[in-house]
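What follows is a set of notes on a single structure, which appears directly below.
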Protein chains: 2
Amino acid sequence: MEPIGKFRQRCYIRLMKWTDLPNEGCSVARTMSVLGDRWTLLILRDTLFGIRRFDDIQKRLKITRHVLSDRLKRLESHGLLERKPYQERPTRYEYHPTQAAKDFVPVMQAMTAWAQTHLPTEKSEPYRFLDRATRTPTDPKVIDANTGAEITSQSIWVEANRD
Amino acid sequence: MEPIGKFRQRCYIRLMKWTDLPNEGCSVARTMSVLGDRWTLLILRDTLFGIRRFDDIQKRLKITRHVLSDRLKRLESHGLLERKPYQERPTRYEYHPTQAAKDFVPVMQAMTAWAQTHLPTEKSEPYRFLDRATRTPTDPKVIDANTGAEITSQSIWVEANRD
DNA sequence: CACTTGGGTTCCAAAATAGAACTCACATGG
DNA sequence: CCATGTGAGTTCTATTTTGGAACCCAAGTG
């Protein structure tokens, strides 16, 4: 396997596949291994908003049935959705968000606030988040619970972890 | 185009393509139109952490050069990265995160905290976020700035916007 | 020169997605 | 009984998108 004559091989690294991401140390990478595609997060959002049946999700998102079927299985296998029968004869199922999925709601809210600022549009938001008690729109901010101060790109410092 | 005999056509809806997402009213959908794939957010994270050159990103992420090239162009076109020369002869460029990208840091922190709870791993995080002043690890929480209370799936109410 | 480096592009094969049709279990209505 | 409808998928083919490797170019190095 020696290079011959003018043939010069440059060193190539072993590439990483999408299927390697779940085992990454980086939390962002692991999140992407579950939610890192066009539709998965939108499916999860719909189930959180009460749209939980196959055909309803498909009609709302206008996604192919094939991909929807695949993503629901994936979300279930990662423990974000639970498939529960809602009727017998014939048995039909709906997909309920688990606590892990519900805990993603604050992240989605922060994401929504970001997009409203940085990816503006004329169209109106199909849903909005209200405070359950006061029924007023929420104004999501990410804070550091240790200091109580808002986290911004200026307030933080990133450090590489050795080991 | 009439159905003939036993042939019964069921009604199919017009599907949505990924390229339609940028015009969606839903902020989560617009976010996915920019960041909704396996690698884009990881690329963005690297540039935020100071890894800003083509080969450096490629070596770290072990992504194909083809896809990296495409994603960098996409991030640039969406205003999240800026391509700036860092040397002449030959001119070489690096990719700097814009303010829009920097404003995604809090969202990434909330996401990281979520994954540490719900997608645990033995491997250690390659980076960690510290408070710039105190140099202690941050404890990110999403709060409603109106009430000051933490946002959880229990504290919020989702309402469909009519119009 | 011979070779390296950074930053890409090009090419082909493999995998994922779009789009439409088909299946299955049962319900309904005449 | 038979035709039709519904919800929840699966199957099929064509198109796109990736993975993986090689190639290209401009300039620097020894």
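Labels below follow one simple rule: chain letters A, B, ... track the order of the sequence lines, proteins then strands, and each chain is numbered from 1.
Taking only side-chain nitrogens and oxygens, Lys73(A) comes nearer than 4.0 Å to OP1 or OP2 of dT10(D). The phosphate of dC24(D) (OP1 or OP2) has no side-chain N or O of Arg65(B) nearer than 4.0 angstrom. Residue Arg38(B) has no polar side-chain atom (N or O) positioned under 4.0 Å from OP1 or OP2 of dG19(D). Proximity of Tyr95(B) to the phosphate of dG6(C): no side-chain N or O atom is located under 4.0 Å from OP1 or OP2.
Here dT6(D) presents its C1' atom at 16 Å from CD of Glu94(A), a figure rounded to the nearest Å. In this structure, the CG atom of Asp70(A) is 14 Å from the C1' atom of dA18(C), given to the nearest Å. Taking atom CD1 of Ile51(A) as the reference point, atom P of dA8(D) lies 13 Å away to the nearest angstrom. Rounded to a whole Å, the NZ atom of Lys59(B) is 8 Å from the C1' atom of dT5(C). dG8(C) atom C1' lies 16 Å from atom CZ of Arg71(B), rounded to whole Å. The distance from atom CG of Asp37(B) to atom C1' of dT17(C) is 14 Å, rounded to the nearest whole Å. Separating the CD atom of Gln58(A) from the P atom of dT10(D) is a distance of 13 Å, rounded to the nearest angstrom. The nearest whole Å value for the distance from the CD atom in Glu76(A) to the C1' atom in dA8(D) is 14 Å.
With sequence neighbours excluded, the residues that form a salt bridge (charged side-chain N to carboxylate O under 4.0 Å, His left out) with Arg71(A) are Asp37(A). By the salt bridge (charged side-chain N to carboxylate O under 4.0 Å, His left out) test, Glu125(A) pairs with no residue at all, sequence neighbours left out. Partners of Glu122(B) according to the side-chain contact (heavy atoms from CB on, under 4.5 Å) rule, which considers only residues two or more places apart in sequence or in another chain, do not exist here. Taking Asp131(A) as the reference, nothing meets the salt bridge (charged side-chain N to carboxylate O under 4.0 Å, His left out) condition, with sequence neighbours excluded. By the side-chain hydrogen bond (donor to acceptor under 3.5 Å, both in side chains) test, Ser153(A) is found to be paired with no residue, residues two or more places apart in sequence or in another chain being considered. Residues forming a salt bridge (charged side-chain N to carboxylate O under 4.0 Å, His left out) with Asp70(B) (at least two apart in sequence, or on another chain): Arg74(B).
If you check dT9(C), dT17(D), dA8(D) against the side chain of Asp55(A), the one that comes closest is dA8(D). Side-chain atoms of Trp39(B) lie closest to dG19(D) of the nucleotides dG19(D), dT10(C), dA8(D). When the nucleotides dT10(C), dT17(C), dG9(D) are ranked by their closest atom to the side chain of Phe54(A), dG9(D) comes out on top. Considering only side-chain atoms of Ser69(B), the nucleotide from dG7(C), dT17(D), dG8(C) that sits closest is dG8(C).
Remark: Arg83(A), Tyr86(A), Arg92(A), Tyr93(A) in residues 81-93 of chain A come within less than 4.0 Å of DNA chain D through at least one heavy atom.
Considering all non-hydrogen atoms of both residues, Ala100(A) and Gly79(A) come closest at CB-O, 4.0 Å.
Annotation: ring pair (Phe, Tyr, Trp, His ring centres under 6.0 Å) contacts involving residues 76-96 of chain B, sequence neighbours excluded, are absent.
Where His66(B) and Asp56(B) each meet DNA chain C at their nearest nucleotide, the meeting point lying more 5' is that of Asp56(B).
In summary, Glu24(B) and Arg30(B) do not engage in a salt bridge, as defined by a charged side-chain N under 4.0 Å from a carboxylate O.
Between the side chain of Glu94(A) and the main chain of Arg83(A), no donor-acceptor pair closer than 3.5 Å is present.
The end-to-end axis angle of the helix from dC1(C)-dG30(D) to dG30(C)-dC1(D), rounded to 10 degrees and based on five pairs per end, is 10°.
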